[in-house]
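Below: the structure, in structure tokens.
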Number of protein chains: 4
Amino acid sequence: MKLQPRKEPRQARSRAMVDTILDAMSRVLVERGYAKTNTNLVAEAAGISVGSLYQYFPNKDALIFALRERHVTRMLSLFEGVVDQMTDAGSLTSDFEALIDALVAAHLLEPELNRILEEEFPAFNMPVSNQIRERFFDSIRGVLKRHRAAISAPDIDVATFVVQRMLKALINAVVLTGPGGLSPGSIRPEIVPAVIGYLTAQRLN
Amino acid sequence: MKLQPRKEPRQARSRAMVDTILDAMSRVLVERGYAKTNTNLVAEAAGISVGSLYQYFPNKDALIFALRERHVTRMLSLFEGVVDQMTDAGSLTSDFEALIDALVAAHLLEPELNRILEEEFPAFNMPVSNQIRERFFDSIRGVLKRHRAAISAPDIDVATFVVQRMLKALINAVVLTGPGGLSPGSIRPEIVPAVIGYLTAQRLN
Amino acid sequence: MKLQPRKEPRQARSRAMVDTILDAMSRVLVERGYAKTNTNLVAEAAGISVGSLYQYFPNKDALIFALRERHVTRMLSLFEGVVDQMTDAGSLTSDFEALIDALVAAHLLEPELNRILEEEFPAFNMPVSNQIRERFFDSIRGVLKRHRAAISAPDIDVATFVVQRMLKALINAVVLTGPGGLSPGSIRPEIVPAVIGYLTAQRLN
Amino acid sequence: MKLQPRKEPRQARSRAMVDTILDAMSRVLVERGYAKTNTNLVAEAAGISVGSLYQYFPNKDALIFALRERHVTRMLSLFEGVVDQMTDAGSLTSDFEALIDALVAAHLLEPELNRILEEEFPAFNMPVSNQIRERFFDSIRGVLKRHRAAISAPDIDVATFVVQRMLKALINAVVLTGPGGLSPGSIRPEIVPAVIGYLTAQRLN
DNA sequence: AATGAATGAGCCTTCATTCAT
DNA sequence: AATGAATGAAGGCTCATTCAT
């Protein structure tokens with residue numbers, strides 16, 4: 001009676017493997033930088049053989065892509081969690097304060113990996129999948145829609161896009177420590193005014 | 001009277017060569033992308049030998065660096081030209097309108113190269129030289145200072161930094177044609193409100 | 001009963017590979033000379049890919065170094081074999097006769113390789129490992145010590161050093177076929193008198 | 001009246017140039033080692049252009065060859081000077097003492113260059129010209145002939161060859177400071193006994 | 001004769017990917 | 001499915017030599 005299943009169903013094993021590999025990739029990337037990262041190294045760091053690595057990823061690009069996806073998805077989860085908890089009670093400002101807190105927190109999950117993914121990558125080639133991008137977009141749009149009345153921007157989609165870009169740029173400024181420049185701490189408090197300022201700006205036409 | 005020198009003095013020849021090489025680099029980069037660009041190809045595209053290329057650039061990185069510098073310097077020229085022509089008569093809004101026009105124009109000088117330099121590069125490693133960065137910064141700060149009274153942001157340096165980041169992010173959104181997303185044309189008119197909105201936002205504390 | 005392991009245990013395979021590569025290196029070196037020897041050629045001669053070669057040797061220098069070590073170690077083996085078989089019965093002269101026979105034989109194992117290693121190499125940079133050098137030294141010193149009474153040289157270590165140098169120089173003269181010069185055969189019988197003459201020379205002070 | 005000749009006759013200029021170039025080669029060789037020496041560097045060190053260098057030497061090998069020749073010729077001069085001053089009064093021992101002194105002094109003329117020429121060169125390929133070799137040989141043979149009666153070696157030519165090799169080996173041991181090993185100073189006094197011991201060794205057959 | 005920029009063959013080395021075991 | 005040795009195309013860079021000026 002072969003009732004006992006494999007300890008783990010195949011799919012699960014595969015997923016665990018994929019995660020192990022991505023963890024290794026992340027570690028190597030952080031430790032050595034993109035230029036000195038290669039598949040053999042990643043396999044070794046994952047405790048498997050290169051051959052096995054290629055069982056789970058068809059090529060190096062797929063590996064990079066998957067890592068980006070996973071990283072961004074994790075950030076998205078945190079972000080959506082915050083958005084989902086918003087009630088109708090919140091003001092535009094308080095909502096964005098929460099949202100920015102969440103975004104900063106998300107970026108600080110794996111800050112080194114995040115830095116490399118943002119700065120050191122020849123990889124916008126393969127942009128984060130549209131699905132993820134859209135969910136970020138939709139979350140922000142949801143907030144804007146809820147406060148439609150308070151917003152002077154004529155087109156919500158356009159405003160969402162602009163806010164998204166502003167947030168990304170400014171939060172990276174806070175999170176990514178550059179060699180010179182102003183302290184991240186002093187930028188942080190400016191993000192809310194920037195967003196709110198834009199959304200509520202007086203428009204002539 | 002053999003007074004006439006060689007058609008071009010030595011220094012000039014060297015500069016012409018450097019420019020020829022950078023032009024070739026730019027072309028190859030645009031045509032094939034960073035990953036498929038190599039020094040032999042660049043030399044060929046420049047109509048010279050690899051050896052010659054290495055007479056002018058010590059290594060591949062120096063080539064990339066120089067190309068970035070040249071590109072950014074050209075953008076800076078255009079930008080500073082606009083800023084220099086500003087009179088005290090301009091309003092905060094009109095000044096930023098001019099400034100954004102200039103920036104967009106600057107980014108459209110070599111849009112494809114610009115895209116690759118912005119997106120495809122493992123190159124924050126070698127950031128644009130601080131001097132250039134600072135001159136961008138100073139230009140913007142100059143404008144802000146002139147309109148200090150109209151600005152609610154408490155710290156001009158911080159505000160400059162934020163504006164700079166916003167401008168970069170939003171102008172890239174306008175200039176860099178992504179596969180999906182909103183049309184750049186619709187983003188463009190939002191930049192002024194975004195900047196002005198931030199600068200004049202009501203601040204509680 | 002699948003008790004039989006792979007035909008060759010891993011370590012053995014690796015060693016075989018190293019030897020195959022060194023054999024190829026040796027062959028190429030002999031056929032083309034050092035200046036025209038390169039890693040790709042060696043790999044080809046070894047019937048493997050360059051990549052494989054670099055799996056066993058980190059760089060070209062390591063390859064050369066290893067070849068020298070192997071060659072000298074083999075010579076050392078032959079030499080030590082002879083020394084070990086010496087009994088107390090031998091005279092100073094008969095001992096050195098045997099010793100010189102062994103050295104000549106050792107040099108004639110791979111005479112062409114030996115010539116290149118001795119003459120064509122920018123390689124004192126990476127001297128034969130001290131351990132090997134010392135074992136040669138110690139063997140000779142052992143013989144001298146046994147015959148201490150018959151030796152006029154005041155310091156055994158110094159005498160060992162001198163004898164070692166003399167032997168190397170004279171045996172190379174015998175073994176290395178130069179373009180012109182005396183026939184090696186006529187030099188050979190002079191080595192024993194040279195060594196014995198030195199060791200037993202009358203010293204005034 | 002174009003009476004004034006070029007300041008220097010052509011031949012002389014050429015010789016001066018050749019010497020300038022060889023001096024530069026020597027300097028570069030000593031400062032950077034063979035592996036890091038190249039023709040462009042030598043030309044620069046000589047204060048001329050590569051093109052000019054190639055006016056005087058057809059290729060790199062010729063340059064190396066010429067430098068060796070010059071160096072060895074200079075050593076030969078010093079050596080022959082000593083030999084020429086020998087009178088019939090000298091004993092075998094005193095003659096060799098003088099001769100060894102001269103050789104050591106010769107090797108210490110440009111010790112660093114000498115070291116590189118001896119140790120770091122893939123250059124026995126192009127052995128010192130036979131003429132020079134022969135003059136060394138002849139000088140030594142001359143001394144041996146003068147003392148023929150005191151010498152037990154049956155064949156003067158063979159003995160000359162052996163002595164020559166011994167001298168070269170032992171003097172290099174004195175002059176070339178290796179990383180480990182006995183102090184050169186302690187080897188020096190052994191050279192005379194070695195040579196004399198060989199020449200006067202008792203021979204059985 | 002001098003110059004030195006230009007040449008380009010050639011070398012060492014890396015690494016994504018394959019495949020026999 | 002796993003292994004990891006093997007592959008080999010590709011790339012950065014050097015340097016002896018040439019040649020237009």
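Proteins come first, then strands; the chains are lettered A, B, ... in the order of their sequence lines, and each starts at number 1. Note that these values count all heavy atoms, side chains included, but never hydrogens, waters or copies made by symmetry. Keep in mind it's a predicted model, so treat the numbers as computed, not measured.
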Rounded to the nearest 0.5 Å, what separates atom CD in C/E31 from atom CD1 in C/I116?
10.0 Å

Between C1' on F/dT3 and OH on A/Y56, what's the gap in Å once rounded to a whole number?
13 Å

To the nearest Å, give me how far apart CZ (C/R32) and P (E/dC11) are.
8 Å

Distance, rounded to the nearest Å, where A/M17 contributes CE and F/dA2 contributes P
7 Å

Residues of residues 19-30 of chain C with any non-hydrogen atom less than 4.0 angstrom from an atom of DNA chain F: list those, numerically ordered, please.
none

Answer yes or no: is there a donor N or O on one side and an acceptor on the other, between the side chain of D/E112 and the main chain of D/V30, under 3.5 Å?
no

As an exercise, state the distance from CE of A/M25 to NE2 of A/H71, rounded to the nearest 0.5 Å.
13.0 Å

Where along nucleotides 14-20 of chain F does protein come under 4.0 Å, by heavy atom, of base (B) or sugar-phosphate alone (S), with - for untouched nucleotides?
BBBBB--

Evaluate whether atom CD of A/E110 has more than 12 neighbouring non-hydrogen atoms of other residues, nucleotides or ligands under 6.0 angstrom away.
yes

Using side-chain heavy atoms (C-beta onward) and a distance below 4.5 Å, is B/R15 in contact with B/V18?
no

Donor-acceptor pair, side chain of D/S26 and main chain of D/L22, under 3.5 angstrom:
no

For E/dT7, take OP1 and OP2 only and decide whether either is under 4.0 Å from a side-chain N or O of B/S49.
yes

In whole Å, I'd like the distance from the CD atom of C/E44 to the C1' atom of F/dT7.
14 Å

Round to a whole Å and report the spacing from CG of D/L41 to C1' of E/dG4.
15 Å

At what distance, to the nearest 0.5 angstrom, does CD1 of B/I132 lie from OG1 of B/T73?
3.0 Å

For F/dA10, which nucleotide in any strand shown is its Watson-Crick or wobble partner with both distances under 3.5 Å?
E/dT13

Interatomic distance, C/I21 atom CD1 to C/Q55 atom CD [nearest 0.5 angstrom]
9.5 Å

From B/D23 CG over to B/L113 CG, what is the distance, rounded to the nearest 0.5 angstrom?
10.0 Å

Distance check needed: F/dA5 P versus C/R15 CZ, whole Å only.
16 Å

For F/dA20, what is the paired nucleotide under Watson-Crick or G-U wobble rules, both distances under 3.5 Å?
E/dT3

Sorted by position of nearest nucleotide on DNA chain E, 5' first, the leading residue of D/I48 and B/L53 is D/I48

